[in-house]
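Below: one structure, written as structure tokens.
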Amino acid sequence: MTATAPSTAEPDQLEPQLAPASRGARLLRLWPAATAALAGVLLYVSFPPRTLWWLALPAFGLFGWVLRGRSWKAGLGLGYLFGLGFLLPLLVWTGVEVGSGPWLALVAVEAIFVALVGAGITAVSRLPGWPLWAAAVWIAGEAARARVPFRGFPWGKIAFGQADGVFLPLAALGGTPVLGFGVVLCGFGLYEVVRQVSDWRRTGAVPRAAAVVAALSVAVPVVGALAARTLVSDKAEDGTATVALIQGNVPRAGLDFNAQRRAVLDYHARETQRLAAQVKAGKVAQPDFVLWPENSSDVDPFANPDAAAVIEDAANAIGAPISVGGVVERDGKLYNEQILWDPAKGPTDTYDKRQVQPFGEYLPLRSVLEHINKNWTTMVRQDFSRGSKPGVFTMDGAKVGLATCYEAAFDWAVRDTVTHGAQMISVPSNNATFDRSEMTYQQLAMSRIRAVEHSRTVTVPVTSGVSAIIMPDGKITQKTGMFVADSLVQKVPLRSSETPATKLGILPEMLLVLVAAGGLGWAVGAGVRGRRAGGV
């Protein structure tokens with residue numbers, strides 16, 4: 001045996017030889033984290049105003065790749081990074097006027113839900129047919145996020161990124177949960193197909209059951225969406241109505257536009273008068289009724305006769321009832337209210353917004369926020385109260401369901417207008433606070449999903465744009481620009497039949513939550529049995 005002479009090299013001479021290997025190891029360890037964050041960004045890019053809906057599939061394929069087979073603790077971290085990559089750019093509009101603090105706080109909280117989903121997916125990823133369980137876990141996370149905290153924040157549901165996609169008809173089958181489930185299942189299924197093909201090339205054999213599950217995970221959502229197209233129709237079942245949308249614009253964007261409340265009212269009255277002149281000249285069809293946006297009259301017309309006179313003059317000029325978005329105070333309580341204003345009878349009906357926006361229309365934890373930043377509390381000096389009844393106005397014989405702005409994100413707030421007889425839906429909104437951000441387009445996509453979900457025409461009158469008319473098949477037939485005064489007039493179909501999604505309501509979502517719970521229970525039980533068998 002030959003003795004090896006000890007090395008005389010100094011430690012700093014050895015470091016360059018070891019550094020490349022150690023750097024490579026560190027980069028290898030960071031790769032899953034970077035991939036998870038990148039997959040989240042890819043999911044964001046699939047959302048409006050872009051029409052790249054299909055990017056949601058590789059986003060979930062990558063997410064499944066980094067999670068499958070890992071520990072639940074790794075799933076928590078990777079899920080949180082995926083959530084940050086998705087939600088940070090998606091929700092940047094929340095900080096347009098109030099700064100980055102609330103935006104970052106919102107994302108930090110919402111990403112916790114995605115982190116928990118990540119942990120759940122790692123648990124079920126070892127089960128047979130894991131794409132099914134994993135997709136159900138994702139929808140369970142969305143269901144939780146839509147309800148807590150502060151009555152939930154469903155923004156960013158996978159369904160809301162699919163208004164231009166092939167999976168859209170699934171909304172009519174089972175609402176946003178089934179549409180989202182189909183997309184996520186297909187994404188995880190695509191990864192599983194790639195994995196099975198890779199295993200086959202390496203080993204020459206793949207378990208038949210696993211191959212069938214992979215193929216079905218991709219095929220079932222696509223075939224289901226194609227079959228559900230028969231549920232999508234824009235045929236008029238109860239005749240038609242000629243509807244007018246008024247976009248009056250605002251003096252300037254931002255939170256302080258409310259300081260010029262009377263100007264906003266005057267703008268909407270002026271645009272209505274302009275439309276009336278066009279109707280009189282025979283250039284535009286006479287509307288059966290007119291829809292103004294949320295906050296079109298922040299001057300309470302019940303307490304201010306001059307504001308009431310402006311609205312009445314506009315209604316008389318156009319010769320049709322108007323749904324006016326007002327801020328009304330009753331018994332010391334503030335309401336975000338839609339007011340049905342008849343040209344002959346004046347105000348005849350009202351709808352009070354039920355899902356008011358936390359930190360925008362009311363401040364939870366007000367006493368705590370006062371110690372953090374008093375500017376936030378001054379922006380919402382008085383909390384809005386919630387309404388208690390669904391809004392359905394009878395306007396010239398047509399039943400018009402009302403879901404005010406933020407309410408469009410909540411399944412129940414739109415559905416119960418239809419179950420209470422709405423033949424079409426209106427989503428009066430005010431997006432001036434968020435300037436020219438993507439928020440407007442994200443919300444418009446929600447209304448397109450709702451149109452297909454319930455097979456109803458959906459109108460979106462907005463103070464500063466984008467206002468739009470959406471057919472029951474989800475297609476936009478007319479829309480305005482942003483920060484311009486404009487009006488839209490169109491004959492639209494009225495419908496009374498109910499889609500499976502409308503009839504089933506919350507049941508598909510609850511079924512998917514039960515599937516997720518079953519998968520998680522199975523995974524936990526299998527883990528416990530495995531540890532016992534191993535003597536741990």
Side-chain angles (χ1 to χ4, degrees), residues 39 43 46-47 53-61 63-64 67 79 82 86 113-114 116-118 120-121 123-125 127 129-147 154-163 165-193 213-229 231-232 409-412 415 445-446 449-450 452-453 499-520:
L43 182 58
S46 74
F47 271 66
W53 57 270
W54 52 271
L55 285 178
L57 303 180
F60 278 101
F63 194 39
L67 289 181
F82 181 81
F86 172 44
F113 289 91
V114 186
L116 294 172
V117 166
I121 290 175
V124 301
S125 67
L127 298 178
W130 74 268
L132 168 70
W133 310 110
V137 168
W138 180 273
I139 298 304
E142 287 192 344
R145 199 160 65 84
R147 290 166 173 82
W155 218 277
K157 272 188 163 187
I158 299 306
F160 295 151
Q162 296 296 310
V166 298
F167 298 101
L168 178 61
L170 290 175
L173 184 64
T176 60
V178 169
L179 172 52
F181 175 76
V183 174
V184 179
L185 177 61
C186 193
F188 286 147
L190 283 173
Y191 160 62
E192 183 64 6
V193 167
V213 166
L216 289 177
S217 297
V218 176
V220 168
V222 174
V223 173
L226 293 175
R229 291 179 66 180
L231 302 173
V232 179
F410 294 83
D411 295 347
W412 63 268
R415 175 181 177 265
M446 293 178 191
I449 300 298
R450 300 305 182 193
V452 174
E453 182 178 14
T499 64
T502 307
K503 293 176 181 176
L504 293 172
I506 198 174
L507 290 178
E509 183 179 53
M510 291 300 97
L511 177 61
L512 290 171
V513 170
L514 289 175
V515 170
L520 290 170

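These numbers come from the heavy atoms of this one structure, side chains and all, not from hydrogens, waters or symmetry mates. Because the structure is a prediction, the values reported are computed rather than measured. In this chain, residues are counted from 1 in sequence order.
- The environment of Trp412 atom CH2 is dense: over 12 non-hydrogen atoms of other residues, nucleotides or ligands sit within 6.0 angstrom.
- The two atoms that bring Val513 and Ala143 nearest to each other are CG2-CB, 4.1 Å, heavy atoms only.
- When every heavy atom of Leu231 is checked against every heavy atom of Ala172, the shortest pair comes out as CB-CB, 3.9 Å.
- Nearest heavy atom pair, residue Leu170 against residue Ala228, reads N-CB, 4.3 Å.
- Within the 3.5 Å criterion, the main-chain N or O of Ala501 finds no donor-acceptor partner in the side chain of Glu453.
- The CG atom of Leu57 lies 10.5 Å from the CG atom of Leu185; values are rounded to the nearest 0.5 Å.
- One finds the CG atom of Leu216 at 12.0 Å from the CD atom of Glu192 (value rounded to the nearest 0.5 Å).
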- Message: Between Leu67 and Phe82, is the side-chain contact (heavy atoms from CB on, under 4.5 Å) condition met? List the steps.
- Response: CA-CA 11 Å; Leu67 289 181; Phe82 181 81; over 6 Å; no
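- Just one of Phe181, Phe160, Phe410 meets the side chain to side chain contact (heavy atoms under 4.5 Å, CB included) condition when paired with Thr176; it is Phe160.
- For Trp138 and Phe60, the ring centers sit closer than 6.0 Å to each other.
- Here the CH2 atom belonging to Trp130 is positioned 8.0 Å from the OG atom belonging to Ser217, to the nearest 0.5 angstrom.
- The two residues Val452 and Pro169 make their nearest non-hydrogen contact at CG1-CA, 4.3 Å.
- Within the structure, salt bridge (Lys or Arg N to Asp or Glu O under 4.0 Å) pairs that include any residue of residues 507-520 comprise Arg147-Glu509 (at least two apart or interchain).
- Ile158 contributes atom CD1, which lies 4.5 Å from atom CG of Leu43 (distance to the nearest 0.5 angstrom).
- Minimum heavy-atom separation, Gly156 to Glu142: O-OE2, 4.2 Å.
- Scanning all heavy atoms of the two residues, the minimum distance from Val183 to Ala56 falls at CG1-CB, 3.9 Å.
- The backbone N or O of Trp155 lies less than 3.5 Å from a partner atom in the side chain of Arg145, making a donor-acceptor pair.
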- Message: Would Trp133 and Ile121 count as a side-chain contact (heavy atoms from CB on, under 4.5 Å) here? Give the steps.
- Response: CA-CA 8 Å; Trp133 310 110; Ile121 290 175; over 6 Å; no
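- Panel note: side chain Gln162, backbone Trp53; a donor-acceptor pair is recorded below 3.5 Å.
- Remark: side-chain polar atoms of Arg450 are paired, donor with acceptor, to backbone N or O of Ala409 under 3.5 angstrom.
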